Amino acid sequence: SEMCIRDRRRVHGKRRKLFIKKMEDHHKAFVVQSFNKKDDQERWEKAKDIRRVVFIEEQKVPADLELDEYDDLAVHFLLCEGDIPAGCARLIKKSDGWYMGRLAILRSQRGRGLGTLISQKVIEYCKEKGIPSLLIHSQSYIKDLYKKIGFVEFGEEFEEAGIQHVHMRYDIV
């Protein structure tokens, strides 16, 4: 199955590289910064506000599920245009691997490729840290965004916080 994932990425590699180059040119005004909650309370509050709006208010995820014990241990990412927050994500280590999650883009900023941009920055961070692969629980309706980046779907669809999800993997090395 892992060989299958690598072969599939090779087949789509050229198209993915062109897509990523196009997105890089389009997003020069955006900055993605990584941080830890305990070291940067100001950025944490901005990321938490984005997650509250997107997950708790828009998607009706219970607050106790959205903000969890992993937030204290995670590497968080904040996407800003200038100093205006637009999106966020986090990276956590679990027993079965590294997970990117809680990726959220404010409604007013959607449709601009920012989910792709922040995902690419998380992948770059993983490359720098020697993390071999990245796992996600993608909401089913958005899985095609991750497929364009190079994630591969595996396993059965499942429900998490009342929302349908799929398992996906990105092999970094």
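The shown structure was predicted, so the numbers you read here are calculated from the model rather than taken from an experiment.
- Looking at heavy atoms from C-beta onward, L91 lies in side-chain contact with I131 at the 4.5 angstrom threshold.
- For the pair E157 and K143, the salt-bridge criterion is not met [side-chain N within less than 4.0 Å of a carboxylate O].
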Subject >> E160 and Q139: CA distance, side-chain angles, deciding distance, side chain to side chain contact (heavy atoms under 4.5 Å, CB included) verdict >> reply: CA-CA 9 Å; E160 191 172 76; Q139 292 183 3; over 6 Å; no

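- In terms of hydrophobic clustering, with Ile, Leu, Val, Met, Phe, Trp and Tyr side chains grouped at heavy-atom distances under 4.5 Å, L78 and V122 are assigned to different clusters.
- Checked against D71 for a salt bridge (Lys or Arg N to Asp or Glu O under 4.0 Å), the options K38, K37, R90 give a single hit: R90.
- To the nearest 0.5 Å, the span separating CG on L117 from CZ on R112 amounts to 10.5 Å.
- Expressed to the nearest 0.5 Å, how far CD of E153 lies from CD1 of I136 amounts to 10.0 Å.
- A side-chain N or O of Q41 and one of E45 form a donor-acceptor pair less than 3.5 Å apart.
- Rounded to the nearest 0.5 Å, atoms CD1 (I123) and CD1 (I118) are 11.5 Å apart.
- When all heavy atoms of V61 and A161 are compared, the pair lying nearest together is CG1-CB, 4.0 Å.
- Two residues are said to be in side-chain contact when any heavy atoms from C-beta on lie closer than 4.5 Å; I163 and Q59 meet this criterion.
- Between D68 and R102, some side-chain heavy-atom pair lies under the 4.5 Å cut-off.
- The hydrophobic cluster containing I84 does not contain V31, counting ILVMFWY residues as joined when their side-chain heavy atoms lie under 4.5 angstrom apart, directly or transitively.
- Taking the six-membered ring wherever Trp is involved, the centroid distance between the rings of Y70 and Y99 does not fall below 6.0 Å.
- To the nearest 0.5 Å, atoms CD (E81) and CG (L114) are separated by 8.0 Å.
- Contact record, V166 with F158: C-CE2, 3.8 Å, taken as the closest heavy-atom pair.
- Under a hydrophobic clustering in which Ile, Leu, Val, Met, Phe, Trp and Tyr are joined whenever their side-chain heavy atoms come within less than 4.5 Å, directly or via other members, F55 and I92 fall into different clusters.
- For the pair E66 and R52, the salt-bridge criterion is not met [side-chain N within less than 4.0 Å of a carboxylate O].
- In this structure, the separation between NZ on K148 and OG on S119 is 12.5 Å, given to the nearest 0.5 Å.
- Summarising the geometry of P85 relative to C80, their closest heavy-atom pair is CA-SG, 3.7 Å, with the distance given to 0.1 Å.
- Between Y146 atom OH and T116 atom OG1 the span is 9.0 Å, to the nearest 0.5 Å.
- Counting all heavy atoms, side chain and backbone alike, A74 lies closest to N36 at O-OD1, 3.3 Å.
- No salt bridge links D40 with K46; every basic N to acidic carboxylate O contact stays at or beyond 4.0 Å.
- The number of heavy atoms from other shown groups lying within 6.0 Å of CD (E159) is above 12.
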**OP:** Please assess H137 against H167 for the test side chain to side chain contact (heavy atoms under 4.5 Å, CB included), listing each intermediate value before the final yes or no.
**Re:** CA-CA 5 Å; H137 290 169; H167 297 278; 3.6 Å; yes

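- Two residues are said to be in side-chain contact when any heavy atoms from C-beta on lie closer than 4.5 Å; L73 and K93 fail this criterion.
- The two residues G87 and I105 make their nearest non-hydrogen contact at CA-CD1, 3.9 Å.
- I56 and V53 are assigned to two separate hydrophobic clusters, defined by single-linkage of ILVMFWY side chains at heavy-atom distances under 4.5 Å.
- The heavy-atom pair separating G115 from L103 by the smallest distance is O-CD1, 3.9 Å.
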Original post:
After noting the C-alpha distance and the side-chain angles of C88 and H76, does the key distance pass the side chain to side chain contact (heavy atoms under 4.5 Å, CB included) rule?
Top reply: CA-CA 7 Å; C88 64; H76 296 272; over 6 Å; no

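- Of the candidates F35, Y125, F30, F77 forms a ring-ring contact (aromatic ring centres under 6.0 Å, His included) with just one, namely Y125.
- Both V32 and L134 are assigned to one and the same hydrophobic cluster, defined by single-linkage of ILVMFWY side chains at heavy-atom distances under 4.5 Å.
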Subject >> Criterion side chain to side chain contact (heavy atoms under 4.5 Å, CB included) on I172 and W98, from CA distance to verdict >> reply: CA-CA 11 Å; I172 295 170; W98 288 90; over 6 Å; no

